[in-house]
Amino acid sequence: MFHNRSLSTVYLLLFILCAGLLSACSIITPADIEDEPAVQVPVRFLLSFDDGPSIRTDIFGRNPTEYILQQIENNPVQNDIKAIFFVQTRNSNGGGTEQGKALLRKEHQQGHLLGLHSASPRGHVAHTDMSASELDQSLKDGIQDIQRITGYQTVFVRPPSWYYDQDTYAIYKKNNLNMILTDISARDGVIHVFKISFRRRSHINNELYKIRRQIINRQLPIVDGVVPVLVTFHDPNTFTAGHMTEYLSILTEEAANVLLPVSDKPFYDQTNALREALLHKAFISEF
Ligand SMILES: [Zn+2]
């Protein structure tokens, strides 16, 4: 039994290693794309965090949600960055606890927005796996949970695991919720167990190059003179929390590498502007 489990762990690690190597991609540099059209409108990064708050601590005794809040407030790239946290309000290891609620209050007090990810005590359940009545009730519960903390009714939802369909979308709309997807995912939500993220820099570099193409093809909205670029992380991931400041640098450095102009303020730092940008990023149904 123990032997089999050890063996399967080794296979799993090998699989992840191979997957990491296979997905390895090279860094695009200015020399690679100097003949491509210039991008005229600067981008501004809009940070979003899913799945929190977390009440765990890492091996250094740090709470990952709290540590991320500290870093986006104070770092060498840009201080006082404001983000949106798509939260789980009733998790027994997070938002459902007193410590979790205190973290949600702190996020709000520091000027970050709270959006809804899940409000089911069942946790991170795909909305597409819920009955219509369970989803509807969980959204109403979540809106109320967030309102108790912030005083406002959130109008933003991000579906767990990005699973949505015509029916869930209709129930979001009925509850006055805009569905927010992402432009770039740090891919830090899929390998929680190992808390590692392969090829972070080249992945973000390649994603930013795709953004560059989308801007040239006029596929992304311009809001107040910038192109908001949504970036998604997971604050309960202790690896992410341990590297948040580095991620901020990677985003601005790799934008430069793919000749993507960045606004004077590379990140959103005003709550109202953040909300406005999110409204422009809301998913519009093609159903
Ligand atoms: Zn999630």
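In what follows, residues are counted from 1 in the order of the sequence shown. One-based numbering, in listed order, for ligands and for the atoms of each.
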Proximity of Tyr164 and Tyr169 rings by center, below 6.0 Å
no
Asp188 side chain to Thr240 side chain, donor-acceptor N/O pair below 3.5 angstrom:
yes
Compute both the distance and the angle, then confirm whether Arg44 meets the cation-pi test with Phe267: under 6.0 Å from the six-membered ring centre, within 45 degrees of the axis.
no
Which protein atoms of type N, O or S are found under 2.8 Å from the Zn ion (ligand 1)?
Asp51 OD1, His117 NE2, His124 NE2
For residues 92-120, pull every pair meeting salt bridge (charged side-chain N to carboxylate O under 4.0 Å, His left out), keeping only residues two or more places apart or in separate chains.
Glu66-Lys106
Side chains of residues 213-228: which donor-acceptor pairs under 3.5 Å do they make with residues two or more places apart or in other chains?
| unit_1 | atom_1 | unit_2 | atom_2 | d |
| --- | --- | --- | --- | --- |
| Arg213 | NH1 | Glu36 | OE1 | 3.1 |
| Asn217 | ND2 | Arg213 | O | 3.1 |

Pairs satisfying side chain to side chain donor-acceptor pair (under 3.5 Å), at least one member in residues 113-123, at least two apart
Asp51-His117, Gln88-Ser118, His117-His124, Arg122-Glu134
